[in-house]
Amino acid sequence: MAYYQHRGDIPPKRHTQHRSPDGRLYFEELMGEEGFSSDSSLLYHREIPSALSDARPWALPDQATTPNDPLLPRHLKLHSLFQTGEGVDVVTGRRLVLGNDDVRISYAVAQDPSPLYRNAVGDECVYLESGSATIETVFGALEAVAGDYVLIPRATTHRWLPTGDEPVRAYCIEANSHITPARRYLSRFGQLLEHAPFCERDLHGPGEPLLAEGEAEVYVKHRGGGPSGLAGSVHVVPHHPFDVVGWDGCLYPYRFNVADFEPITGRVHQPPPVHQVFEGNNFVICNFVPRKVDYHPLSIPVPYYHSNVDSDEVMFYCGGDYEARKGSGIGQGSISLHPGGHSHGPQPGAYERSIGVEFFDELAVMVDTFRPLRLGEGGRASDDGKYAWSWNRT
């Protein structure tokens with residue numbers, strides 16, 4: 001995160017004694033990135049945060065992937081993966097759709113509370129397609145609604161508590177790195193610049209510390225053996241991780257709503273980088289939001305045909321009516337996968353129909369990766385098997 005925040009009770013000077021009203025010493029924990037050389041926060045615990053009572057393996061959901069072979073564009077219908085959210089939580093109920101060595105994309109439809117969870121592999125960016133949830137974290141709670149991106153730094157202990165009657169539809173982007181706002185939006189000191197399509201006022205951090213007590217279990221996803229390179233463990237801890245009385249720093253979870261993204265438009269069609277929000281190692285996250293479109297008198301508002309020479313493009317359609325994909329069968333909850341090496345663009349007829357259109361009412365989250373994506377079990381199960389042929393004129 002670009003700017004400093006603090007919550008709860010902290011001492012005036014770091015790395016000094018901090019005591020409770022009855023004189024007990026609090027335990028300071030530094031949570032930091034890149035070996036003490038990047039963003040960090042200091043948290044003050046009532047009890048020793050390293051204490052363990054027991055541990056056991058956690059069998060992760062299926063993380064196996066298969067190549068996109070033969071190389072094809074694909075339509076994945078994510079809503080077909082879950083009939084209801086009953087008996088499913090946002091953490092253990094995820095179904096892997098696509099992945100490579102840099103990023104994994106999963107989907108979950110959940111109504112149940114998740115266990116306490118810590119991803120020790122990388123940051124997570126979870127987009128709420130629908131529903132609402134309280135995300136309790138070691139820093140405090142976030143209240144998330146449909147359209148929110150929830151950014152969870154690596155190793156942040158948290159849990160998802162769906163609220164309301166509607167299940168949470170969660171599009172989960174898990175990195176093997178950190179996820180940050182696009183670098184070109186940031187000053188050399190980390191402030192969001194004037195040309196950025198959002199600013200710090202649009203980023204909402206956690207509330208006050210939760211001050212929980214008692215023994216707890218924490219599900220940990222971490223690096224390990226096996227083909228996926230991932231493993232899971234359950235840590236039983238004698239003192240609840242949410243015993244933090246206060247914290248401060250520049251590393252913490254936050255949420256950003258897609259409705260606060262101010263689209264960048266032009267007289268002719270603008271390239272996908274103008275829609276970027278976040279980036280990780282070897283991938284970017286963009287969103288396409290309702291907006292005025294190209295206003296040159298001879299403009300063609302839908303995208304031109306393009307070849308992904310260096311990347312795979314994953315588009316998750318989560319609202320509105322995506323003009324360029326009419327006639328393809330794509331709708332709410334669909335993913336289109338356009339792999340590197342295949343030229344793609346609007347379906348037949350969309351090019352011509354878009355001429356004269358002044359506004360697109362569409363909402364989509366895009367992930368572009370710079371290494372090929374493989375299909376997870378959820379991707380294989382939701383593939384419609386027809387999309388690759390949808391550009392053929394009949």
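Only a predicted model underlies this, so the values are computations on that prediction, with no experimental measurement involved. Numbering starts at 1 and runs along the sequence shown.
Under the 6.0 Å cut-off for aromatic ring centres, Phe256 and His204 do not qualify, their centroids lying 6.0 Å or more apart. Aromatic pair Tyr387/His338: centroids less than 6.0 angstrom apart.
Residue Glu194 qualifies as open at atom CD: its count of foreign heavy atoms under 6.0 Å is 12 or below. Within 6.0 Å of CZ in Arg19 there are more than 12 heavy atoms belonging to other residues, nucleotides or ligands. A 6.0 Å sphere centred on CG of Leu25 holds more than 12 heavy atoms belonging to other residues, nucleotides or ligands. Within 6.0 Å of atom CG in Asp165, 12 or fewer heavy atoms from other residues, nucleotides or ligands are found, so the atom counts as exposed in its surroundings. In this structure, His6 places its NE2 atom where only 12 or fewer heavy-atom neighbours from other residues, nucleotides or ligands lie under 6.0 Å away. Around the NZ atom of Lys386, the shell of radius 6.0 Å holds no more than 12 heavy atoms that belong to other residues, nucleotides or ligands. For Arg14, the CZ atom sits in a loose shell: 12 or fewer heavy atoms of surrounding residues, nucleotides or ligands are nearer than 6.0 Å.
Once rounded to the nearest 0.5 Å, the distance linking OG1 of Thr65 with CD of Glu377 reads 11.5 Å. For the atom pair CZ of Arg159 and OG1 of Thr137, the computed distance is 11.0 Å after rounding to the nearest 0.5 Å.
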Quiz item: So Arg94 and Glu174, salt bridge (Lys or Arg N to Asp or Glu O under 4.0 Å) or not? Walk me through it.
Solution: CA-CA 11 Å; Arg94 296 178 186 180; Glu174 301 178 28; 2.7 Å; yes
Practice problem: Could you go through the side chain to side chain contact (heavy atoms under 4.5 Å, CB included) check for Tyr185 and Gln276 one step at a time? | Solution: CA-CA 10 Å; Tyr185 298 157; Gln276 186 178 352; 3.9 Å; yes
Quiz prompt | Phe198 and Asp260: CA distance, side-chain angles, deciding distance, side chain to side chain contact (heavy atoms under 4.5 Å, CB included) verdict | solution = CA-CA 7 Å; Phe198 57 96; Asp260 291 322; 5.7 Å; no
Self-check item: Candidate pair Ser50 and Phe27, rule side chain to side chain contact (heavy atoms under 4.5 Å, CB included), full reasoning
Solution: CA-CA 10 Å; Ser50 307; Phe27 299 93; over 6 Å; no
Practice problem: Output, in order, the C-alpha distance, side-chain angles, deciding distance and verdict of salt bridge (Lys or Arg N to Asp or Glu O under 4.0 Å) for Arg154 and Glu33. | Solution: CA-CA 9 Å; Arg154 176 187 284 175; Glu33 299 175 342; over 6 Å; no
Exercise. Please assess Phe288 against Phe360 for the test ring-ring contact (aromatic ring centres under 6.0 Å, His included), listing each intermediate value before the final yes or no.
Key: CA-CA 10 Å; Phe288 294 78; Phe360 281 174; over 10 Å; no
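Linking Ile, Leu, Val, Met, Phe, Trp and Tyr residues whenever their side-chain heavy atoms come within less than 4.5 Å places Ile105 and Phe278 in a single cluster. Met366 and Phe370 fall into different hydrophobic clusters, where Ile, Leu, Val, Met, Phe, Trp and Tyr side chains are chained together by heavy-atom contacts under 4.5 Å. One hydrophobic cluster, built from ILVMFWY side chains closer than 4.5 Å, cannot hold both Val90 and Leu151; they sit in different ones. In the hydrophobic clustering of ILVMFWY residues, with side-chain heavy atoms under 4.5 Å counting as a link, Val97 and Ile285 come out together. In this structure, Val277 is a member of the same hydrophobic cluster as Leu363, with clusters built from ILVMFWY side-chain heavy atoms closer than 4.5 Å.
Donor-acceptor pairing under 3.5 Å is recorded for the side chains of Glu28 and His15. Looking at His275 and Gln270, their side chains never bring a donor and an acceptor atom within 3.5 Å of each other. No side-chain N or O of Tyr44 forms a donor-acceptor pair with one of Asp9 less than 3.5 Å apart. Side-chain N/O atoms of Thr163 and Ser132 include a donor and acceptor closer than 3.5 Å. Using modelled atom types and a 3.5 Å distance limit, the side chains of His178 and Asp123 yield a donor-acceptor pair. With no hydrogens or angles considered, no side-chain donor-acceptor pair links Tyr252 and Arg7 at under 3.5 Å. Judged purely by distance below 3.5 Å, without hydrogens or angles, the side chains of Arg223 and Asn176 never pair a donor atom with an acceptor atom.
Using cut-offs of 30° and 60° for the angle between ring planes, the Tyr117 and His158 rings count as perpendicular. A perpendicular orientation is assigned to the rings of His306 and Tyr304, their planes being inclined by more than 60° (bins at 30° and 60°).
Classification of Glu279 and Arg183 as a salt-bridged pair holds, one side-chain N sitting under 4.0 Å from a carboxylate O.
Looking at Val103 and Ile173, their side chains come closer than 4.5 Å, going by heavy atoms from C-beta outward. Taking the side chain as every heavy atom from C-beta outward, Val138 and Leu43 approach each other to under 4.5 Å. Annotation: side chain of Pro263 is not in contact with side chain of Pro197 (no heavy-atom distance under 4.5 Å). Considering only heavy atoms from C-beta on, Arg184 stays 4.5 Å or farther from Leu193 through its side chain. Side-chain contact between Tyr107 and Ile335 is absent, with no heavy-atom pair separated by less than 4.5 Å.
With Tyr171 as the partner, the ring-ring contact (aromatic ring centres under 6.0 Å, His included) test is satisfied by one option alone out of Phe316, Tyr127, Tyr149: Phe316. None of Leu98, Leu337, Leu373 except one satisfies the side chain to side chain contact (heavy atoms under 4.5 Å, CB included) rule with Asn68; the exception is Leu337. The side chain to side chain contact (heavy atoms under 4.5 Å, CB included) test with Ser106 singles out one residue from Leu81, Val126, Leu78, Leu96, and that residue is Leu96.
No donor-acceptor distance shorter than 3.5 angstrom exists from the side chain of Glu129 to the backbone of Cys318, with no hydrogens or angles considered. Under the 3.5 Å distance criterion, the side-chain polar atoms of Gln5 are left unmatched by any main-chain donor or acceptor of Tyr3.
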Can you give me every donor-acceptor pair (side chain of residues 233-245, partner residue at least two apart or in another chain, under 3.5 Å) with its distance?
residue	atom	partner	partner atom	Å
Ser233	OG	His222	NE2	2.8
His240	ND1	Phe242	N	3.0
Asp243	OD1	His45	ND1	2.7
Asp243	OD2	Arg46	N	3.4
Asp243	OD2	Glu47	N	2.9

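Between His342 and Pro73 the shortest heavy-atom distance is CE1-CG, 3.7 Å. Contact record, Asp312 with Pro372: OD2-CA, 3.6 Å, taken as the closest heavy-atom pair.
Under the rule for a salt bridge (Lys or Arg N to Asp or Glu O under 4.0 Å), the partners of Asp383 that lie at least two apart in sequence or sit in another chain are Arg74. Residues passing the salt bridge (Lys or Arg N to Asp or Glu O under 4.0 Å) test with Lys77: none are found, sequence neighbours excluded.
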